[in-house]
Amino acid sequence: MIEPQQLDRVFTALADAGRRGMVERLSIGPATVKQLAEPHGMRLPSALKHLKVLEDGGIVASRKVGRTRTYTIEPTALSGIDDWVRQRQTAMNQAFDRLVQAMKDFPEEESE
């Protein structure tokens, strides 16, 4: 189970459309800062700030070789969200099951 603070960091990291675009790009393979910045019209310092948020959220990892920094997506980065959503779905399904049972327990009113 993911810690609430980590879940907050993941949701914060994914709250920005530009960062989500970077994650989508990284889902097809590693990319440099420049490759991640260009499609969004970002300058490199701005892209680096966004990538730092993604890295703090545990969604991406970076590696620097020489002057080039390459980012990759963390394979299990979004599994915490999956777990959180699954728990909410289970709770909602249980609530609906209780509602259905309660409706069955009350006799229908006859119309006149």
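These numbers come from the heavy atoms of this one structure, side chains and all, not from hydrogens, waters or symmetry mates.
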Legend entry - Other residues, nucleotides, ligands: >12 heavy atoms within 6.0 Å of Arg43 CZ: no

Legend entry - Which atom of Arg69 lies closest to which atom of Ser62, heavy atoms considered: NH1-OG, 3.0 Å

Inset, instruction - Return each pair, listed once, that meets ring-ring contact (aromatic ring centres under 6.0 Å, His included) where at least one residue sits in residues 11-43; pairs must be two or more places apart or across chains. - result: Phe11-Trp84

Legend entry - Non-neighbouring partners of Glu74 that pass side chain to side chain contact (heavy atoms under 4.5 Å, CB included), sequence neighbours left out: Ala61, Ala77

Legend entry - Exercise: identify the closest heavy-atom pair between Leu7 and Gly80: CD1-O, 4.3 Å

Inset, instruction - Taking Ser27 for its side chain and Glu24 for its backbone only, find out whether a donor-acceptor pair lies under 3.5 Å. - result: yes

Inset, instruction - Not counting sequence neighbours, which residues clear salt bridge (charged side-chain N to carboxylate O under 4.0 Å, His left out) with Arg67? List them please. - result: none

Legend entry - 4.5 Å side-chain heavy-atom contact, Thr90 and Gln87: no

Inset, instruction - Output all residues satisfying side-chain hydrogen bond (donor to acceptor under 3.5 Å, both in side chains) with Arg25, sequence neighbours left out; order by chain, then residue number. - result: none

Legend entry - Nearest heavy atoms of Ala37 and Leu44, plus distance in Å: CB-CD2, 4.1 Å

Legend entry - Gap separating the CD atom of Glu3 from the CG atom of Asp8, nearest 0.5 angstrom: 11.0 Å

Inset, instruction - Verify the cluster assignment for Val53 and Leu36: are they in a single hydrophobic cluster under the rule of side-chain heavy atoms below 4.5 Å apart? - result: no

Inset, instruction - Any pair with a residue in residues 49-58 that passes salt bridge (charged side-chain N to carboxylate O under 4.0 Å, His left out), sequence neighbours left out, goes on the list, sorted by first then second residue, please. - result: Lys52-Asp56

Legend entry - Heavy-atom pair of closest approach, residues Leu26 and Ala31: CD2-N, 3.7 Å

Legend entry - side chain to side chain contact (heavy atoms under 4.5 Å, CB included) partners of Val100, counting only residues at least two apart: Lys104

Legend entry - Side chain Thr76, main chain Ser79, donor-acceptor under 3.5 Å: no

Inset, instruction - Give, for atom CD1 of Ile59 and atom CG of Leu14, the distance between the pair rounded to the nearest 0.5 Å. - result: 4.0 Å

Inset, instruction - Could you give me the CA-CA distance, side-chain angles and deciding distance for Arg9 and Gln6, then say whether side chain to side chain donor-acceptor pair (under 3.5 Å) is met? - result: CA-CA 5 Å; Arg9 285 191 294 273; Gln6 179 60 25; 2.7 Å; yes

Legend entry - Which residues share a side-chain hydrogen bond (donor to acceptor under 3.5 Å, both in side chains) with Gln94, sequence neighbours left out: none

Legend entry - Heavy-atom donor-acceptor pair, Ser46 side chain to Met42 backbone, under 3.5 Å: no

Inset, instruction - Tell me, please, which residues at least two apart from Ala15 pass side chain to side chain contact (heavy atoms under 4.5 Å, CB included). - result: none

Inset, instruction - Search all heavy atoms of Val60 against all heavy atoms of Leu51 and return the closest pair with its distance. - result: CG2-O, 3.9 Å

Legend entry - Common cluster, Val10/Val85, ILVMFWY with side-chain heavy-atom separation under 4.5 Å: yes

Legend entry - Set of side-chain hydrogen bond (donor to acceptor under 3.5 Å, both in side chains) partners for Arg98, sequence neighbours left out: none

Inset, instruction - Quick one: list whatever passes side chain to side chain contact (heavy atoms under 4.5 Å, CB included) with Arg63, sequence neighbours left out. - result: Val65

Legend entry - Under the side-chain hydrogen bond (donor to acceptor under 3.5 Å, both in side chains) test, residues paired with Asn93 that sit two or more places apart: none

Legend entry - All pairs passing salt bridge (charged side-chain N to carboxylate O under 4.0 Å, His left out) where residues 10-23 contributes a residue, at least two apart: none

